[in-house]
Enquirer: 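Quick one: this structure, given as structure tokens, is what I'll be asking you about.
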Protein chains: 4
Amino acid sequence: MKMKRAIQQQDKETRKKNILQSALDVFFNKGFKAAKMDEIASNANISKGTLYLYFSSKEQLFVELIQQIASPKVNQVEAMVNNDSTLEDKLNLFKQHAKNMLVDQQLPKLMKIIISDSGAFPELVTTYREMIVDRALKTMSQIIKRAQSNKECRQGDPIELAQLLVAPVIFSAIWRIVFEPSGATKINIDSLLALHINMLKQVLIVKDRVDEDAI
Amino acid sequence: MKMKRAIQQQDKETRKKNILQSALDVFFNKGFKAAKMDEIASNANISKGTLYLYFSSKEQLFVELIQQIASPKVNQVEAMVNNDSTLEDKLNLFKQHAKNMLVDQQLPKLMKIIISDSGAFPELVTTYREMIVDRALKTMSQIIKRAQSNKECRQGDPIELAQLLVAPVIFSAIWRIVFEPSGATKINIDSLLALHINMLKQVLIVKDRVDEDAI
Amino acid sequence: MKMKRAIQQQDKETRKKNILQSALDVFFNKGFKAAKMDEIASNANISKGTLYLYFSSKEQLFVELIQQIASPKVNQVEAMVNNDSTLEDKLNLFKQHAKNMLVDQQLPKLMKIIISDSGAFPELVTTYREMIVDRALKTMSQIIKRAQSNKECRQGDPIELAQLLVAPVIFSAIWRIVFEPSGATKINIDSLLALHINMLKQVLIVKDRVDEDAI
Amino acid sequence: MKMKRAIQQQDKETRKKNILQSALDVFFNKGFKAAKMDEIASNANISKGTLYLYFSSKEQLFVELIQQIASPKVNQVEAMVNNDSTLEDKLNLFKQHAKNMLVDQQLPKLMKIIISDSGAFPELVTTYREMIVDRALKTMSQIIKRAQSNKECRQGDPIELAQLLVAPVIFSAIWRIVFEPSGATKINIDSLLALHINMLKQVLIVKDRVDEDAI
DNA sequence: GATGAATGAGTATTCATTCAT
DNA sequence: GATGAATGAATACTCATTCAT
């Protein structure tokens with residue numbers, strides 16, 4: 001059965017979105033090499049030929065998929081720092097963003113794809129890291145650095161502190177993506193992140209009174 | 001040139017080890033689907049045909065590889081709990097084990113393979129998780145639970161505390177495996193784990209009474 | 001952008017001519033199999049769909065192209081014989097016709113197509129041969145035969161003499177079509193044909209005086 | 001049914017020859033684009049996979065085929081000039097070589113392939129032309145030039161004379177390759193070449209003195 | 001009538017697996 | 001036991017043809 005034609009530019013964009021969504025599923029489940037263009041096409045309810053009207057090759061589809069997903073996330077990450085509340089507020093905000101990201105799953109799925117196909121697409125890993133990962137960690141470490149100069153935060157390498165802040169989010173992402181589908185106990189994201197952030201606040205945030213700090 | 005025949009049982013085992021090591025490299029770098037039996041064979045200095053004298057199929061080689069690597073790790077993990085020192089000692093020990101694991105890279109590589117091919121081998125993920133991950137987390141959480149009943153450790157869900165304990169190790173593993181080859185700043189494992197464990201000690205360990213500690 | 005409708009019969013014919021011209025270029029450059037309908041269409045400034053309003057298939061377009069080009073040539077060839085001048089005049093006329101044909105290139109291009117796709121279209125080769133080649137050779141051989149009975153021309157198989165007359169034209173056509181585009185020294189058609197015809201005249205034409213002929 | 005294995009280097013060469021022979025047939029009949037690797041393989045009584053053990057791609061097979069056929073011909077052509085007999089002897093020798101070439105058909109088939117796929121492989125045309133065609137024509141024109149300086153041959157551009165010498169051979173090749181399979185009257189090569197060479201001798205060869213000739 | 005989006009049969013190429021040597 | 005030549009199923013990609021707009 002023939003698909004309705006996408007004559008309008010708008011329809012074409014929609015069609016492209018459908019294909020990218022289907023591609024995300026298939027690349028995510030199978031990895032680049034094992035993903036079949038046929039499967040991506042039929043999951044998007046189009047024929048193989050139509051796929052090639054929108055993307056000139058498997059590789060181009062793959063690369064564009066990564067970019068489409070990754071791009072909007074950059075700003076979200078950056079948004080967190082343009083906000084001059086207290087460190088505590090920022091940690092709370094981070095918790096919220098992290099939760100959304102984990103629930104939405106797009107970024108975790110992307111992460112899984114990147115991990116899987118890092119060997120075959122080293123440039124992609126570089127791009128993704130520079131665009132998202134380095135940026136996010138840099139943003140976080142700047143927040144911490146600023147808080148440290150305010151005496152709001154305890155001392156310690158800001159980059160390593162940012163890594164420790166982020167680690168449980170990565171852990172949760174992998175858990176959900178890799179282990180839960182195979183029957184693992186589900187992680188309670190809310191609870192885990194709350195515990196994580198609470199503990200961090202306890203160690204990081206300097207209480208105003210000098211004497212309390214004197215451990 | 002023909003390879004020497006592996007007449008002795010011992011030689012056979014050595015040959016198998018070589019193949020598995022080669023397979024680990026190739027599966028790790030390419031993923032299951034993109035890995036070529038030819039490459040695994042030639043990296044092990046044997047012919048393609050010989051490969052099939054030791055493993056009946058690519059899939060069987062893959063499965064056996066996972067098991068061969070995973071099995072010995074189970075005991076290492078379990079060893080940590082058979083030791084009734086203080087929580088602080090145990091956290092130090094964990095730090096040491098974690099560092100070794102990250103330096104040795106076998107387990108991180110296995111982790112990458114599992115993540116990559118989880119879609120194609122769900123049973124394998126289950127096995128790996130039950131054998132290693134669940135066991136490790138359960139062990140950690142038991143340590144914490146015990147410490148909590150000793151009043152040595154603050155309250156909080158022991159499983160989630162174990163997850164937070166483990167998270168930076170996972171993070172470091174992924175960083176080293178995925179990002180460092182593509183040019184990321186290298187993680188200082190020692191320093192990061194030290195910071196992590198120190199912070200954890202600060203929040204978790206209950207200082208009983210000042211005088212007891214001072215002995 | 002939509003093309004103007006070819007409402008008038010005249011427009012239709014023009015459109016068809018355009019398509020055939022475009023098809024000639026493409027079939028000539030690529031051969032039947034490698035020629036793309038898309039390219040033929042866009043070179044004719046119409047859409048792929050429109051092509052099918054004029055020709056029901058690639059094959060039909062091909063066949064019709066051959067016929068369209070070949071047909072008018074038949075009469076040109078035949079025209080040469082309906083002319084009762086001397087053999088020398090006829091050879092001069094042949095030289096002129098040959099030169100025009102080589103300069104115009106349509107027939108040489110057709111020849112290249114026929115050679116290339118003879119395997120796939122044997123009936124076409126038959127048609128083309130019967131319509132053009134056999135006819136031309138027969139015409140030539142009749143001229144020669146007639147001249148022989150006039151004692152204007154030396155003896156010898158008229159068909160073979162016709163073939164030898166034509167051979168340098170075929171040679172020149174191939175040279176121009178195949179070799180010149182890849183950098184070969186250009187043939188000087190005028191000069192080559194003049195030499196050819198002069199030499200032929202020397203051997204063929206019987207000078208009036210009996211004693212000179214007595215070799 | 002599996003083919004016997006080519007273990008010895010010699011067997012491999014034989015296998016390669018078989019494939020090239022099959023490829024010649026198929027490329028000759030269909031042209032490069034329409035030729036199917038499957039057909040080449042099955043005509044050589046091997047599987048498609050085996051083809052790729054000997055040639056890495058269709059294009060490489062094509063190029064190697066051209067070279068394999070063309071290379072040995074170069075020397076044959078050159079051989080004609082290393083011989084300091086009279087021009088008449090050389091023309092007779094040429095007649096003989098030309099006949100052999102036409103009967104053997106390998107070079108005519110190659111010529112047809114070159115003509116057909118000249119558009120897609122311009123470098124190949126260049127190579128073939130430089131290796132064979134230019135060389136042959138240059139050889140012929142040198143023979144003529146030398147004969148002209150000996151006063152053995154009449155004046156005229158040696159290159160054009162060489163082209164006229166060669167033209168009927170090209171004509172015959174095309175006739176046999178393209179027209180005879182579709183039912184054309186067969187050319188009598190012997191007779192046509194004899195007539196051609198005789199006529200050439202008449203115009204070209206300068207009879208020194210009547211009495212010398214009369215011995 | 002004209003368009004070009006959609007289709008799917010057709011083809012080059014790869015690679016796990018077999019098995020004659 | 002070891003080898004690597006042979007196989008053919010599997011898969012990315014192309015392009016003639018159709019037909020909704």
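Values below: every heavy atom of this structure, side chains too, minus hydrogens, waters and symmetry copies. Proteins get letters first, then strands, A, B, ... in listed order; numbering begins at 1 in each.
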Enquirer: In whole angstrom, what separates B/L51's CG from E/dA16's P?
Expert: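 These atoms are roughly 10 Å apart.
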Enquirer: Is it true that B/K109 and B/D25 make a salt bridge, defined as a side-chain N closer than 4.0 Å to a carboxylate O?
Expert: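 A salt bridge is present here (some side-chain N lies under 4.0 Å from a carboxylate O).
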Enquirer: Can you check the C/L53 CG to F/dC19 P distance for me, whole Å?
Expert: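 In whole Å, F/dC19 P and C/L53 CG are 14 Å from each other.
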Enquirer: Just how far, in rounded Å, is P of E/dT7 from OH of A/Y52?
Expert: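 Between P of E/dT7 and OH of A/Y52: 15 Å.
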Enquirer: For DNA chain E, what is the dot-bracket line, given that a base pair needs Watson-Crick (N1 to N3, plus N6-O4 or O6-N4) or G-U wobble (N1-O2 and O6-N3) geometry with both distances under 3.5 Å, and | means paired with another strand?
Expert: .||||||||||||||||||||
Enquirer: Look at B/K58 and E/dA16 and indicate whether a side-chain polar atom (N or O) is within less than 4.0 Å of OP1 or OP2.
Expert: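 Yes, such a contact exists.
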Enquirer: I'd like to know if the side chain of D/T127 reaches the main chain of D/E123, judged simply by a donor and an acceptor atom lying under 3.5 Å from each other, with no hydrogens or angles considered.
Expert: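 Answer holds: yes.
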Enquirer: Using a 4.0 Å heavy-atom cut-off, does A/Y54 contact any base of the nucleic acid, only the sugar-phosphate backbone, or nothing at all?
Expert: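 Here A/Y54 touches the backbone only, sparing every base.
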Enquirer: Within the distance-only criterion (no hydrogens, no angle test), does the side chain of A/T50 pair as donor or acceptor with the backbone N or O of A/I46 below 3.5 angstrom?
Expert: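 Looks like no, no N/O pair under 3.5 Å.
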Enquirer: Could you give the CD-to-P distance, from A/Q8 to E/dA5, as a whole number of Å?
Expert: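 Result: 11 Å.
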Enquirer: Under the 3.5 angstrom rule, does the side chain of C/T126 hit a backbone N or O of C/P122 as a donor-acceptor pair?
Expert: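 Looks like yes, one N/O pair under 3.5 Å.
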Enquirer: Taking only the side-chain nitrogens and oxygens of D/T50, find out if one of them lies under 4.0 Å from OP1 or OP2 of F/dT7.
Expert: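 Checking F/dT7 against D/T50, a side-chain N or O does come within under 4.0 Å of OP1 or OP2.
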Enquirer: Grab the two heavy atoms, one from C/F32 and one from C/K58, that are nearest each other, plus how far apart they are.
Expert: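 Of all heavy-atom pairs spanning C/F32 and C/K58, the closest is O-NZ, 2.8 Å.
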Enquirer: Of D/S57 and B/E59, whose nearest nucleotide on DNA chain E comes first from the 5' end?
Expert: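 That would be D/S57.
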Enquirer: Could you go through B/S71 and B/Q67, starting from their C-alpha distance and side-chain angles, then the distance that decides it, and tell me whether this counts as side chain to side chain donor-acceptor pair (under 3.5 Å)?
Expert: CA-CA 6 Å; B/S71 294; B/Q67 287 167 347; over 6 Å; no
Enquirer: Using a 4.0 Å cut-off on heavy atoms, which residues in residues 12-42 of chain D reach DNA chain F? List them by number, or say none.
Expert: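 Close to the strand are D/K12, D/R15, D/K33.
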Enquirer: Taking OP1 and OP2 of E/dT7, is either one under 4.0 Å from a side-chain nitrogen or oxygen of A/S47?
Expert: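 Answer yes for this pair, as a side-chain N or O of A/S47 is under 4.0 Å from OP1 or OP2.
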Enquirer: Looking at A/S22 and A/N18, would you say the former's side chain and the latter's main chain have a donor-acceptor pair under 3.5 Å?
Expert: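 Pair absent, no side-chain N/O of A/S22 close to backbone of A/N18.
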Enquirer: How close or far is atom P of F/dA5 from atom CD of D/Q9, stated in whole angstroms?
Expert: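 Whole-Å distance recorded here is 10 Å.
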Enquirer: When we call it a touch if two heavy atoms are under 4.0 Å apart, what does D/I46 touch: a base, just sugar-phosphate, or nothing?
Expert: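 If one applies the 4.0 Å heavy-atom cut-off, D/I46 turns out to touch the sugar-phosphate alone, with no base involved.
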Enquirer: Quick one: does A/K48 reach the base of E/dT7 with a side-chain donor-acceptor pair under 3.5 Å?
Expert: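 Absent.
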Enquirer: Whole angstrom is fine here: how far is it from CZ in D/F55 over to C1' in E/dT14?
Expert: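 These atoms are roughly 18 Å apart.
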Enquirer: Do C/K112 and C/F28 meet the cation-pi criteria used here (NZ or CZ under 6.0 Å from the six-membered ring centre, within 45° of the axis)?
Expert: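 Positive - C/K112 is close enough to the ring of C/F28 and near enough to its axis.
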Enquirer: Would you please indicate if the ring centroids of A/F62 and A/F55 are separated by under 6.0 Å?
Expert: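 Aromatic pair excluded; centres sit 6.0 Å or further apart.
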